[in-house]
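For ligands, and for the atoms within them, numbers begin at 1 and follow the listed sequence.
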Amino acid sequence: MSTRDFVYTSQPQRVVFGAGALAHLAREIDALGARRALVLSTPEQRVQAERVADMLGAHAAGVFDRAVMHVPIETAREAREVARQLDADCAVAIGGGSTTGLGKAIALDSGLPILAIPTTYAGSEMTPIYGLTEAGVKKTGKDFRVLPRTVIYDPELSRTLPVGLSVTSGINAIAHAAEGLYAQDSNPVMDLMAEEGIAALARALPAIRTKPDDIDARSDALYGAWLSGTVLGNVGMALHHKLCHTLGGSFNLPHAEVHTVVLPHALAFNAQAAPQAMTRIACALGTASAPQGIQDLARHSGAPIALRDIGMKESDLDLAADIAVRNPYWNPKPFGPAERNDIRALLQRAWAGEPPG
Ligand SMILES: NC(=O)C1=CN([C@@H]2O[C@H](COP(=O)(O)OP(=O)(O)OC[C@H]3O[C@@H](n4cnc5c(N)ncnc54)[C@H](OP(=O)(O)O)[C@@H]3O)[C@@H](O)[C@H]2O)C=CC1
Ligand SMILES: O=C(O)/C=C\C(=O)CC(=O)O
């Protein structure tokens, strides 16, 4: 094995993992030194949030249940104000990436520590990345104040996640790991986590499709999500995430589904420029080809493989290509304005659900 130069910085975070781990909530709030926790959720997950507030007893400051995808700035302002009025000294976010994202918006403003309890595989709980949407434009940034201090991973809570969303959310996680393997600032520790994360999710997703409440499969998927989210939090994103942020942010396509459709095509685009990463991804998937392996995993798990099936208009593909190449992320194969036609062709294949070219 050859070694290479790298920089590795570990991030201060506490992870409590296991079926039934939610029972440790009060202990973890104590460990944070928090006295008044504001519990966050989506409207639909309010019952779960109230259960969490009940577990906190006198340490619960209240419940704010208006989290929505992509964190509109108005919602962020409202939640920040509620946290101030209730004199909260901590935010407990129970839910998917949307709820964690709302916690991050509060922390960005106030420095309040976040305790995250993820119920999807999006991985936001492991990253210092935040997203905020203002006047129809989503901006992302990095700030260590938003990195949750404690994460409770309880696979019991993901048993109710519908199969379709479990698969697409799982592939959202795989995307973090896959791009981590060819990131400009990758390192050997993240590479190991990425491979293990992809392998765990590739095992778990078909098993969840067969038996959605299988706690071992749920546990494996959440373990993969933790590893993959850690990779996203430690190394850079590339072409795939740029395309997904363009399609989600400017065309309002559903986050996890976009990741699922685009990933095979983004990997195909990068295949020649990142051959070692492709080998590691394929190996973790147990397939001959990384791009085709991802598309097969999606198809065989009943997930969408075409942008046209998740709300993208063919007439918007030109604009999407223009936006994606305007401010490109670093990528092993550069994609600026000069590669606009290649990106347009990639999007056409993804739109039609063709095999990754
Ligand atoms: N900053 C970062 O590092 C990252 C940020 N993100 C961001 O997170 C958002 C996407 O996160 P994602 O998790 O995909 O989406 P959401 O948090 O929006 O959750 C998706 C859906 O899952 C449902 N759901 C969640 N948990 C359960 C459960 N246990 N049982 C039943 N239903 C459940 C929710 O239903 P309901 O609406 O009914 O509550 C919701 O409709 C995006 O805004 C994305 O940009 C994603 C990854 C990383
Ligand atoms: O939009 C954000 O909050 C920032 C990053 C992500 O969404 C990562 C992803 O595309 O899954």
Side-chain angles (χ1 to χ4, degrees), residues 11 22 40-49 51 65-72 75-76 93-105 107-108 114 116-133 137-143 146-148 151 153-180 208 212-213 218 221-222 225-226 228-250 252-260 262-263 266 329:
Q11 297 177 2
L22 184 60
L40 308 173
S41 73
T42 60
E44 294 77 9
Q45 285 183 292
R46 174 150 191 127
V47 172
Q48 230 170 7
R51 183 178 153 220
D65 70 357
R66 291 195 280 289
V68 285
M69 200 172 272
H70 303 310
V71 198
T75 313
I94 178 155
S98 301
T99 307
T100 309
L102 182 60
K104 288 177 166 184
L108 186 66
I114 304 171
I117 310 168
T119 62
T120 70
Y121 308 128
S124 176
E125 66 283 353
M126 296 309 296
T127 84
I129 305 165
Y130 62 86
L132 280 169
T133 305
V137 179
K138 181 167 178 174
K139 292 195 179 130
T140 56
K142 220 172 190 183
D143 191 310
V146 311
L147 181 72
V151 182
Y153 281 111
D154 185 343
E156 295 283 0
L157 301 173
S158 54
R159 273 178 145 161
T160 51
L161 191 62
V163 169
L165 193 53
S166 300
V167 172
T168 54
S169 188
I171 295 177
N172 181 191
I174 289 178
H176 305 329
E179 289 231 293
I208 288 172
D213 70 345
R218 289 290 182 184
L222 205 55
W226 166 51
S228 303
T230 304
V231 174
L232 177 69
N234 279 273
V235 299
M237 304 180 265
L239 170 70
H240 168 75
H241 282 79
K242 178 69 192 186
L243 293 175
C244 292
H245 294 170
T246 301
L247 294 167
S250 301
N252 206 23
L253 300 192
H255 183 82
E257 286 87 337
V258 172
H259 271 270
T260 301
V262 170
L263 185 59
Y329 299 170

Looking only at non-hydrogen atoms, find the nearest pair between A76 and L132 and report the distance. CB-CD2, 4.0 Å
Could you tell me, for ligand 2, which of its N or O atoms are under 3.5 Å from any protein N or O, listing the pairs and their distances rounded to 0.1 Å?
unit_1, atom_1, unit_2, atom_2, d
ligand 2, 1 (O), K138, NZ, 2.6
ligand 2, 10 (O), H245, NE2, 2.7
ligand 2, 10 (O), H259, NE2, 2.8
ligand 2, 11 (O), N172, ND2, 3.1
ligand 2, 11 (O), H255, NE2, 2.9
ligand 2, 11 (O), H259, NE2, 3.2

Measuring from S41:OG to I94:CD1, what's the distance to the nearest 0.5 Å? 8.5 Å
Please collect all salt bridge (charged side-chain N to carboxylate O under 4.0 Å, His left out) contacts where either partner lies in residues 240-249, sequence neighbours excluded, each pair once. none
Taking atom CG of D213 as the centre, does the number of heavy atoms from other residues, nucleotides or ligands within less than 6.0 Å exceed 12? yes
Side chain to side chain donor-acceptor pair (under 3.5 Å) evaluation trace for H259 with H241: CA-CA 8 Å; H259 271 270; H241 282 79; 4.6 Å; no
Note: S228 and H176 closest approach over all heavy atoms is O-CB, 3.4 Å
Taking only heavy atoms of the protein into account, state which residues are under 4.0 angstrom from an atom of ligand 1, in chain and number order. T42, E44, Q45, M69, H70, G96, G97, S98, K104, T119, T120, A122, S124, T127, I129, K138, L157, T160, L161, P162, L165, L232, H255
Are E156 and R218 side-chain neighbours, meaning at least one heavy-atom pair lies under 4.5 Å? no
Between R51, Q45, R46, E44, which is the residue that forms a side-chain hydrogen bond (donor to acceptor under 3.5 Å, both in side chains) with Q48? Q45
S124: side chain to side chain contact (heavy atoms under 4.5 Å, CB included) partners, not counting sequence neighbours: T100, K104
